[in-house]
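Okay, structure first, notes after.
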Amino acid sequence: MLDRQLLRTDPDLVRSGASRKGIEVDVESYLRLDEEYRALLTDLQAKQAQSNQDSKAIGQLMAAGNAVAAEAAKASMKDLKAAIATGEERQRELEAKLQAMELQFPNLPHESVPDGFSEEKNQIIRDWGDIPQFDFEPKPHWDLAENLGLVDFPRASKISGSGFAVYTGWGARLQRALITFMIDHQTMQNGYAEVYPPYLVNAASLVGTGQLPKFEEDLYKADEDLYLIPTAEVPVTNLHRDEILEVYQLPMRFAAYSGCFRKEAGAAGKDTRGLLRMHQFDKVELVKYTLPENSYDELETLLSDAESILRLLGLHYRVTLLCAGEMSFSNAKCYDLEVWSPGVGRYLEISSCSNFEAFQARRANIRFRRAQGEKPEFVHILNGSGLATPRLFAAVLETYQQPDGTVVVPEPLRPLIGSDLFER
RNA sequence: GGAGAGAUGGCUGAGUGGUCGAAAGCGCCCGCCUGCUAAGUGGGUAAGGGGGAAACCCCUUCUCGGGUUCGAAUCCCGAUCUCUCCGCCA
């Protein structure tokens, strides 16, 4: 959600920011409604003030025992009451409309974000390590996993359908080791507070982070007003919804492991092989609440915290800065982390680290106060994956595969797995 | 799932349908006082919104949504959440 004041004072900025994302917004209709709303409110409030005064006067007449005069005063309030009732109804209507429109305006791209509407316009910021070279043809992870008995895709389709995986034996153990490794590293080395959230959340939480009302079709709905989380970002960002924090509490940094559930509607056919795009997957998510003036510095450390996992595991990757048109609805600035997948022969998006500025905080009503007596301000909220397991699982298998089809376990995972080699 | 109790400001906790945005206490802030600290003492301490250059004025909010009434924290209906007991259960 954008600042109402900004919409009023600088609609051009909103229009041009949205158009950089390739979104047309109708600020004029919004402002027209807003104007009507404020005029109505001023008028309505004057009537309410009058009504409050009259009611008090009646109370005084009653107290003085002047019942006749009180009855007369009651009768003369009829018209005023009726006018207030219709005014209030109109107010509710306008409020609902304005709010619905506000939720449709996308966040504006930060000035450091490049223009563009396609992948080619993303900027490659840096890469780490070298593309691993093989003196044999590297296999894709689905072959490796199947040959080594780490993942059972056919049975996953049998029991759940496409887009699911059953991790078996050492595969299950690798999966669990990756999660433990990531959550331990982020909490114990990088200073995040661990959170283990619910997997089902109500609609208000999804509005807070921006999945609703626009993206309902991407979500699994479990019940009336209960949805499966598409990411731990949703419950964790909403932890302090409708709260006013003390300035000394900031920044808050959370790391949460959770399962994630996405319909991935419309994604059929693309990147669906193996573990690349799942309806259910696991992820360690990093979320920060920061002071507005620090959020861009915090974005850089968030990014390097996510990167640290890939470095420790020795996986080649690169960092890209998304162009405006490639960014999501809620983003002000977003880096993607892409890990190299030798078997697929491509970089795979494995993390997005984003600054939402006050966009989510405004929706979720998360504020802080700089000092006693001052007006509360919205915090800035950032998040990033640190990281998602299926693609990490895939990159580990493909990067560490041997000519004989075995896979060497990366050093940091060996104590957790209790083995240094996956073999048949 | 069944039965009952409850939800008030940062916290605890009063509140008879009328001057209650709400007693009192705690906490916090600003003074005063006191070698220091503690204690004492005076005052101030919710959020959102509208108007205004400002001082300030006004509106809304006592979980939420409806209703009764000239007037609701208070009465009625519904929802949500919490607690207690029973049942079921990893």
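Within every chain, numbering begins at 1; the chains are lettered A, B, ... in the order of the sequence lines, protein sequences first and strands thereafter.
- Here the side chains of Tyr400(A) and Leu315(A) are in contact, with some heavy-atom distance below 4.5 Å.
- Salt-bridge formation is not detected for the pair Arg32(A)/Glu28(A): no Lys NZ or Arg NE/NH1/NH2 atom is positioned less than 4.0 Å from an Asp or Glu carboxylate oxygen.
- Listed pair Arg367(A) / G48(B) meets the phosphate criterion, a side-chain N or O lying under 4.0 Å from OP1 or OP2.
- Distance noted for atom P between G27(B) and G78(B): 43 Å (whole Å).
- With both ends at atom P, the span from G40(B) to C26(B) equals 8 Å, rounded to whole Å.
- One atom, CG of Asp242(A), and another, P of C81(B), lie 16 Å apart when rounded to the nearest Å.
- What you find for Phe164(A) and Ala156(A) is that their closest heavy atoms are O-CB, 3.3 Å.
- Between Ile244(A) atom CD1 and A47(B) atom P the separation is 6 Å, expressed in whole Å.
- Figure legend. C70(B) is base-paired to G18(B); pairs are counted as Watson-Crick or G-U wobble with both atom distances under 3.5 Å.
- The base-pairing partner of G6(B), taking Watson-Crick or G-U wobble contacts with both distances under 3.5 Å, is C81(B).
- Comparing the P positions of U63(B) and U12(B) gives an interatomic distance of 14 Å, to the nearest angstrom.
- Salt-bridge annotation for Glu36(A) and Arg90(A): present, with a side-chain N of the basic residue lying under 4.0 Å from a carboxylate O of the acidic one.
- Heavy atoms of Ala73(A) sit nowhere under 4.0 angstrom from any nucleic acid atom.
- Under a 4.0 Å N-O distance rule, the pair Arg370(A)/Glu377(A) qualifies as a salt bridge.
- Taking the side chain of Leu41(A) as heavy atoms from C-beta on, and the options U19(B), G66(B), G50(B), the nearest nucleotide is G50(B).
- A gap of 15 Å separates the P atoms of G71(B) and C59(B), to the nearest Å.
- Between Tyr289(A) and Phe368(A), the gap from one ring centroid to the other reaches at least 6.0 Å.
- Note: CD (Glu95(A)) to C1' (C59(B)) measures 12 Å, nearest angstrom.
- The Lys56(A) side chain lies nearest to U19(B) when the options are G18(B), G51(B), U19(B).
- Contact annotation: Asn52(A) does not reach the phosphate of G71(B) (side-chain N/O to OP1 or OP2, under 4.0 Å).
- In this structure, the nucleotide among A47(B), G49(B), C70(B) sitting nearest to the side chain of Gln45(A) is G49(B).
- Distances were taken from every side-chain heavy atom of Pro376(A) (C-beta onward) to each of U19(B), G48(B), C70(B); the shortest belongs to G48(B).
- Closest-nucleotide positions on RNA chain B for Ile58(A) and Ala46(A) were compared, and the one nearer the 5' end corresponds to Ala46(A).
- Comparing atom distances between the Arg8(A) side chain and each of C70(B), G48(B), G50(B) picks out G50(B) as nearest.
- Nucleic acid contact class of Arg4(A) (heavy atoms, under 4.0 Å, all strands): none.
- Of the charged side-chain nitrogens involved, at least one lies within less than 4.0 Å of a carboxylate oxygen, so that Arg20(A) and Asp115(A) count as a salt-bridged pair.
- C28(B) and G17(B) have their P atoms separated by 37 Å, given to the nearest Å.
- Atom P of nucleotide G50(B) and atom CD of Glu36(A) are separated by 16 Å, given to the nearest angstrom.
- The side chain of Gln48(A) sits closest to U60(B) out of U60(B), A47(B), G71(B).
- Rounded to whole Å, the P atom of C64(B) lies 16 Å from the corresponding atom of G48(B).
- Of the side-chain N and O atoms in Lys81(A), one or more sit less than 4.0 angstrom from OP1 or OP2 of G71(B).
- For G27(B), the paired base is U45(B) (Watson-Crick or G-U wobble, both distances below 3.5 Å).
- One atom, CD of Gln53(A), and another, C1' of C70(B), lie 14 Å apart when rounded to the nearest Å.
- Pair check for C36(B) finds none; no Watson-Crick or G-U wobble contact set falls under 3.5 Å.
- In this structure, G1(B) forms a base pair with C86(B), meeting either the Watson-Crick or the G-U wobble geometry with both donor-acceptor distances under 3.5 Å.
- For Arg38(A) and G49(B), the shortest distance from a side-chain N or O to OP1 or OP2 is not below 4.0 Å.
- Residue Gln91(A) contributes atom CD, which lies 9 Å from atom C1' of C59(B) at whole-angstrom precision.
- Using P as the reference atom, C76(B) and C89(B) are 39 Å apart when rounded to the nearest Å.
- Nucleic acid contact class of Glu71(A) (heavy atoms, under 4.0 Å, all strands): none.
- For the pair Lys74(A) NZ and C70(B) P, the computed distance is 6 Å after rounding to whole Å.
- Distance, Lys375(A) NZ to U45(B) C1': 14 Å, rounded to whole Å.
- Taking atom P in both G18(B) and A73(B), one finds a spacing of 11 Å when rounded to whole Å.
- For Thr42(A), counting side-chain heavy atoms from C-beta on, the closest listed nucleotide (G51(B), C70(B), G48(B)) is G51(B).
- A donor-acceptor pair is defined here as one N or O able to donate and one able to accept, closer than 3.5 Å; such a pair exists between the side chain of Thr301(A) and the backbone of Glu298(A).
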